[in-house]
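Notes to accompany the following structure.
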Amino acid sequence: MCGIVGYIGNGNVYDVLIKGLQRLEYRGYDSAGIALLTPDNKINVYKTRGKVSALENFCRDKNTESRLGIAHTRWATHGEPTDNNAHPHYSEDGNLALVHNGTIENFKVLKDALQQHGVHFHTETDTEVLVQLIEFIKVQNSCSLLDAVREALKQVVGAYAMAVIDKNEPDQIIAARKSSPLVVGIGDDEMFLASDATPFVDHTKNVVYIDDEHIAIIRKGEPLRIVDFENKESKVSVKQLEWSISQLEKGGYPHFMLKEIFEQPETLRDCIRGRAVADQGKVILNGVLSNSEKFLDANRIIIVACGTSWHASLLGKSLIQQFCRIPVDVEYASEFRYSKPVITDKDVVIAVSQSGETADTLAAIQIARDKGAFVYGISNVVGSSIPRNTASGTYIHVGPEIGVASTKAFTGQVMVFTLLALQIAQLKGSMPQEEIQAMLDCICRMPEYVAEVLKLDKAIQRLSLIFTYARNFIYLGRGYSYPVALEGALKLKEISYIHAEGYPAAEMKHGPIALIDPGFPVIAVATKSATYDKTVSNLMECKARGAKVIVVATEGDEEINKIADCIIRVPAVRDVFSPITASVPLQLLAREVAILRGCDVDQPRNLAKSVTVE
Ligand code: G6P
């Protein structure tokens, strides 16, 4: 949450920073701001409530000439999203400007102490405390900015990625992190820093991931230096970025979300490439193969995740239990950490996160590691904190996901869970080889099936028109379709702000059926499966009370015509694969309803994609 970006080099600083902020806007868009060090060593800070486009308008008549700068896009935690609370924040004497992502938990104590020394505060943010503290230490100790930052951070409790500039020490940006992401991009005679690599991928592919509790010293004309809080020098390890610029652009689509929905045949291909080796009857998931004894000896697998990743994890549970006969629990990462979990070194914990940066999931990983469990990560963003903090893992390889509502990451996560379950089953011998072969053949055809489903987009557009009146939706499913119902409801909530609940279909009669009145929309995922007949009975119960029933059904299923008011037909696949084909039309439906309601599909209100606060 919140994105920070910095640049030092010969390019147009303002343009680089604004472009960088636009790429980071998925991390929050309550306010945006920029601090520019002018050629004559003054700091100009421009900031405003609203999105980066509002900042651009604000800066139109301002002096943006500069030699280096830092910038910020905010998801508000402490203090309302006002102009005043927008970052960058500056020290009282105006010497320093600072941007910050994260939360400073002891800000009140630090603020009180600084106020007792006569420091005045101008905002309600925790961040202002940090910049004032650095300035205070710098003046008190007559020390360098670097030393002041080191000393200040030793006093700070919380999570942060921050960057600060000082007009008395020009040509330098000091940046640091603890539990929030920070990467440095190294170009020709220029350096970038950002919350992730998206702001500078068109300038350089050389990245350095800054480790926790480390400080990056970015100086013009000098190589990057990294020190810890004790000023001990660390090795600078440069990695190569694999992303391309086209992955970060809309490519002719009106929204990233639509682009990402339509990318799914390709992203699934990328996800299974080299892993589902059907012609050899093998799954090759190196992270599992190289740790096979951990999975084979596991008493239990615990999956921790948040949001959409949690829904994919529910499917992971069903797949692993069915294929491998290993007990699996799925926990919200945010609840897990406070539940005094019973974990032993015989447990395997799988942490699932698209961004690889979700604070609660990272905290859950730490608990599992402390208890001696083997921790495995499933993530999308290469080099993010979760892969760096887990013993092993698998990338879903779906490319950057920018729309705040997750789509291609969900299908990628489900696919990785399918591969993982098959891999363990193959190692364990818990599934006959013919069955594994049949599964692999189906996996290889999944991209084609999803391409078929995407042809429904016009029909779904028409279908969405009749639901513009509805203020409540219920999504139903059983077995593998239940997490799909949860995910379908979440998509609708997130981007159209319509209240939607996902339920196991049979639970309707234990309460929610009381909500049904004539015309109430019920969306059911009722593809052919072992629970199909039961689901149909549950739908009859809704229909009898006047519900308008829309069904995601299997091609060729004529029986469903008797109860469904509208039918979305998806290709016939084995029930374990139906979550992938059935979730895609629900992604399209949510998007269409959101468009009809005039909502911002890519940047829904109050949300951010990477949740780096607890
Ligand atoms: C946020 C996003 C969701 C996402 C969740 C977990 O709430 O808006 O789309 O599912 O975080 O994120 P993660 O990156 O850990 O999968």
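Whatever order the structure lists ligands and atoms in, that order sets their numbers, starting from 1. Excluded from the calculations below are hydrogen atoms, water molecules and symmetry mates; all remaining heavy atoms, backbone and side chain alike, are included.
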Enumerate, one pair per line, all nitrogen or oxygen atoms of ligand 1 lying under 3.5 Å from a protein nitrogen or oxygen, stating the separation to 0.1 Å; write 'none' if no such pair exists.
residue	atom	partner	partner atom	Å
ligand 1	8 (O)	Ala608	O	3.2
ligand 1	9 (O)	Val404	O	3.4
ligand 1	10 (O)	Thr308	N	2.9
ligand 1	12 (O)	Thr358	OG1	3.4
ligand 1	14 (O)	Ser353	OG	3.2
ligand 1	14 (O)	Gln354	N	3.4
ligand 1	14 (O)	Ser355	N	2.8
ligand 1	14 (O)	Ser355	OG	2.6
ligand 1	14 (O)	Thr358	OG1	3.4
ligand 1	15 (O)	Ser353	OG	2.6
ligand 1	15 (O)	Thr358	OG1	2.4
ligand 1	16 (O)	Ser309	OG	2.5
ligand 1	16 (O)	Gln354	N	2.7

- Does the side chain of His87 come within less than 4.5 Å of Lys47's, by heavy atoms?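 Lys47 does not reach His87 side chain to side chain.
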- Message: For the CD atom on Gln321, are there more than 12 heavy atoms of other groups (residues, nucleotides or ligands in this structure) within a distance under 6.0 Å?
- Response: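 Yes, enclosed.
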- Does a side-chain N-to-carboxylate-O contact under 4.0 Å join Arg605 and Asp30?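 Here Arg605 does not pair with Asp30 in a salt bridge, since their nearest N and O are not under 4.0 Å apart.
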Short side-chain donor-acceptor distance under 3.5 Å, [Y] and [X]:
{"X": "Asp196", "Y": "Thr198", "value": "yes"}
{"X": "Gln22", "Y": "Glu56", "value": "yes"}
{"X": "Thr125", "Y": "Asn85", "value": "no"}

